[in-house]
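The first residue in the sequence is number 1, and the count goes up from there.
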Amino acid sequence: MQRFLPARPAARIALFIALLSLATLLLSRPSKNGDFQEYALMTIALASHGTPDIRLSDIDTAARLSPEPGFATIHDRLRAGMQAGASDPFPGFVRGKDDGYHAIHFFAYPALAAIPFKLIDAMGGKPFKAFQLVNLAALAVLTIALYRFTGSPRRAVFGTVLFLLSGGALYANWCSPEFFSACALLSALLLVLLGRPYAAALLAGVAAMQNPPLILFSVFAPLIRIAYVHAHEGLVFGAAWRRVVTRHTVLASMLQAALACLPVLFSLAKFGVPSIIAVLSTDSTLVTPGRLLSFFFDLNQGTIVGLPVAMLLVLAQLAARERLRWLPHLAAALLFSVMMALPSLSTVNWNSGADGMMRYAMWGGMPLLYLAMVYLQRLQRWPLALVAAILLAQAGAMKFARSYDYLEFSPAARFMLARFPALYAPEPEIFIERSLHRDGAVHADVVAAYPSRQAPVKILFNAGSEAAQTELCGVRGRVATGAGTWTYVDGPPLCTQGAHD
């Protein structure tokens with residue numbers, strides 16, 4: 001086998017990237033999930049007239065390229081709303097102060113896809129493959145960063161495959177920026193260690209245009225490198241600080257923050273608010289410790305669904321040699337992940353369309369995968385059994401994540417609900433929508449029961465809702481347990497002051 005491979009390591013990396021890209025483009029199709037219609041229309045607009053505002057002609061192009069019945073309905077409603085001058089013609093689109101219509105997401109990712117989109121469309125191909133090309137370009141950058149970091153083609157290929165099996169494969173074909181942002185952030189973290197602050201800032205800055213919490217990279221990247229230099233080179237913190245915090249580091253952080261702020265300036269110019277998506281789609285009261293735990297550990301869509309091995313390797317570092325020396329590095333990266341997660345908790349659509357692991361966790365969990373890769377790089381030898389165990393475990397995790405959709409409970413969640421219902425109480429939106437198998441099912445009077453109302457093992461209801469109380473216990477009845485708002489009951493409800501009708 002060795003004689004069929006190029007002699008130069010860089011050529012082997014190039015061959016791997018080329019073969020992987022070719023296989024992806026030939027064997028898979030772009031996935032029109034998530035916020036596809038927003039990104040598709042922005043890409044069409046940029047490719048057609050060079051600006052991100054959505055015009056009627058752009059909708060006509062989108063209708064030609066996405067004739068599926070569901071998208072036809074979206075196009076018809078959006079077109080009718082625009083023609084009527086509506087301020088919000090369809091969810092995800094808003095009329096700006098300039099009377100133009102814009103998607104509520106920023107257009108950095110569509111801008112990267114616009115040129116290949118235009119070229120593919122002109123050649124009679126399938127233009128939405130432009131999103132796959134952008135994602136593959138980001139994956140190529142990650143592979144190169146891994147090669148530079150590890151110095152080994154084999155380890156670089158392993159790292160790329162591990163990334164794909166740690167959630168990347170779930171979103172590789174999505175026409176939205178989750179995969180791109182994850183690649184960019186992980187590459188940027190590695191490039192920071194390699195002393196390439198400007199390249200890291202550019203990657204993280206573009207990713208932050210689509211995912212604003214990534215602006216925190218400008219603060220945490222230098223801190224993570226200081227902790228890494230302290231542990232890896234054995235320098236005291238003062239010396240590590242002087243090594244890392246240079247004029248170039250400061251300028252790179254300023255560059256990344258500046259790029260991250262461009263969407264804020266655009267939103268102010270077009271909508272008069274710093275973030276139109278924050279105004280329309282977030283609620284700060286939803287930022288709770290329960291949601292933070294859900295972000296990382298929910299068995300349906302938490303980070304643990306896509307990154308179980310990375311999480312185990314993070315824990316393994318607490319028992320490794322020289323663990324105290326590496327503890328600040330571990331803490332800095334973990335805190336970075338948590339701090340990025342916090343703004344995401346405010347979304348009003350927590351149980352949104354996803355492939356297993358929720359979309360926010362795809363990029364929010366990258367510091368965990370970064371820690372896993374740094375830890376593995378510290379090992380002088382990689383026994384074949386270790387490599388095989390890691391890849392097989394993650395392949396199993398990907399199969400697990402693809403076995404259900406966002407309106408179903410995962411196999412692990414079903415196991416807990418069947419065997420240990422008292423120990424599993426997911427966020428209300430997750431339980432309601434997955435129990436009722438209906439998106440947008442949450443309202444004050446809803447009663448959700450799993451697996452059924454006739455034989456429930458767990459029920460969720462709003463204890464302050466008279467309608468919910470009546471549904472469970474009759475006109476004069478009350479559920480014996482529960483007060484306030486959302487309340488879980490294990491098994492059939494115990495009713496007082498009346499019997500269930």
Side-chain angles (χ1 to χ4, degrees), residues 30-111 113-114 117-118 121 127-128 130-131 174-178 209-210 212 263-283 346-354 359 406-407 429 433 438-443:
S31 177
K32 299 179 179 181
N33 290 323
D35 300 312
F36 161 76
Q37 200 54 54
E38 286 184 57
Y39 291 106
L41 277 167
M42 285 189 285
T43 302
I44 290 168
L46 289 163
S48 177
H49 45 82
T51 57
D53 57 296
I54 311 302
R55 303 175 185 178
L56 293 175
S57 59
D58 301 324
I59 299 177
D60 294 337
T61 302
R64 171 176 63 85
L65 296 174
S66 296
E68 300 90 337
F71 290 117
T73 301
I74 293 173
H75 300 144
D76 290 344
R77 288 179 57 186
L78 180 57
R79 184 187 292 109
M82 290 172 59
Q83 289 173 334
S87 58
D88 50 350
F90 189 82
F93 299 91
V94 178
R95 188 178 68 188
K97 295 194 299 183
D98 58 356
D99 288 330
Y101 285 93
H102 302 269
I104 60 176
H105 288 91
F106 195 61
F107 56 87
Y109 181 70
F117 178 95
K118 192 176 183 72
D121 195 32
F128 289 136
F131 293 110
W174 279 47
C175 302
S176 52
E178 291 79 18
M209 291 185 196
Q210 296 298 157
V264 175
L265 298 177
F266 180 82
S267 185
L268 284 169
K270 296 297 182 181
F271 309 112
V273 294
S275 173
I276 186 64
I277 195 169
V279 171
L280 297 176
S281 304
T282 66
D283 180 353
S346 64
T347 180
V348 297
N349 190 15
W350 188 243
N351 187 61
S352 57
R359 286 178 275 167
Y406 78 105
L407 296 178
E429 184 181 335
E433 294 189 352
R438 189 170 74 249
D439 198 357
V442 180
H443 59 84

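- Checking side-chain atoms of K270 against main-chain N and O of G96 turns up no donor-acceptor pair under 3.5 Å.
- Contact detail for K97 and G272: the closest heavy-atom pair is CE-N, 4.0 Å.
- A donor-acceptor pair under 3.5 Å is absent between the side-chain atoms of R95 and the main chain of P89, judged by distance alone.
- If you look at F266 and F106, their ring centroids are closer than 6.0 Å.
- The side chain to side chain donor-acceptor pair (under 3.5 Å) check on Y101 picks up nothing, with sequence neighbours excluded.
- Every residue two or more places apart in sequence or in another chain that forms a side chain to side chain donor-acceptor pair (under 3.5 Å) with N351 is listed here: E433, R434.
- For the pair S31 and N33, the tightest heavy-atom approach, listed with the atom from each and the gap, is OG-ND2, 2.6 Å.
- Partners of Y406 under the ring-ring contact (aromatic ring centres under 6.0 Å, His included) rule, at least two apart in sequence or in another chain, do not exist in this structure.
- If you take CG on D99 and CE on M82, they are separated by 11.5 Å, rounding to the nearest 0.5 Å.
- Summarising the geometry of G353 relative to W174, their closest heavy-atom pair is O-CH2, 3.9 Å, with the distance given to 0.1 Å.
- For F271, the ring-ring contact (aromatic ring centres under 6.0 Å, His included) partners at least two apart in sequence or on another chain are H102.
- With sequence neighbours left out, E429 forms a salt bridge (charged side-chain N to carboxylate O under 4.0 Å, His left out) with R291.
- Side-chain atoms of V264 and S275, non-hydrogen and from C-beta on, never get closer than 4.5 Å to each other.
- Side chain of S281 to main chain of T347: no donor-acceptor pair is present (N/O by atom type, distance under 3.5 Å, no hydrogens or angles).
- Contacts of S346 classified as side chain to side chain donor-acceptor pair (under 3.5 Å), with partners at least two apart in sequence or in another chain: none.
- Once rounded to the nearest 0.5 Å, the distance linking CD of Q37 with SG of C175 reads 10.5 Å.
- Residue pairs meeting the salt bridge (charged side-chain N to carboxylate O under 4.0 Å, His left out) criterion with at least one partner in residues 39-52, sequence neighbours excluded, do not occur; the list is empty.
- Contacts of N349 classified as side chain to side chain donor-acceptor pair (under 3.5 Å), with partners at least two apart in sequence or in another chain: none.
- Under the rule for a salt bridge (charged side-chain N to carboxylate O under 4.0 Å, His left out), the partners of K32 that lie at least two apart in sequence or sit in another chain are E68.
- Taking CD1 from I44 and NE2 from H49, the interatomic distance works out to 9.5 Å, rounded to the nearest 0.5 Å.
- Among all heavy-atom pairs drawn from F117 and A47, the shortest one is CD2-CB, 3.8 Å.
- Note that the CG atom of D53 and the CG atom of L41 stand 11.5 Å from one another [nearest 0.5 Å].
- For residues 66-97, the pairs satisfying ring-ring contact (aromatic ring centres under 6.0 Å, His included) are F36-F71, with sequence neighbours left out.
- For W350, there are no ring-ring contact (aromatic ring centres under 6.0 Å, His included) partners at least two apart in sequence or on another chain.
- With hydrogens and angles disregarded, a donor-acceptor distance shorter than 3.5 Å links the side chain of T43 to the backbone of Y39.
- R359 CZ to D35 CG: the interatomic distance, rounded to the nearest 0.5 Å, is 5.0 Å.
- Of all heavy-atom pairs between A72 and P67, the closest is CB-O, 4.4 Å.
- The distance from the CG atom of L78 to the CD1 atom of I59 is 3.5 Å, given to the nearest 0.5 Å.
- Applying the side chain to side chain donor-acceptor pair (under 3.5 Å) definition to pairs two or more places apart or across chains, those involving residues 77-93 are D60-R79, D76-R79.
- Shortest non-hydrogen contact noted between L46 and A114 is CB-CB, 3.9 Å.
- Formation of a donor-acceptor pair under 3.5 Å by the D58 side chain with backbone atoms of R55 is found in this model.
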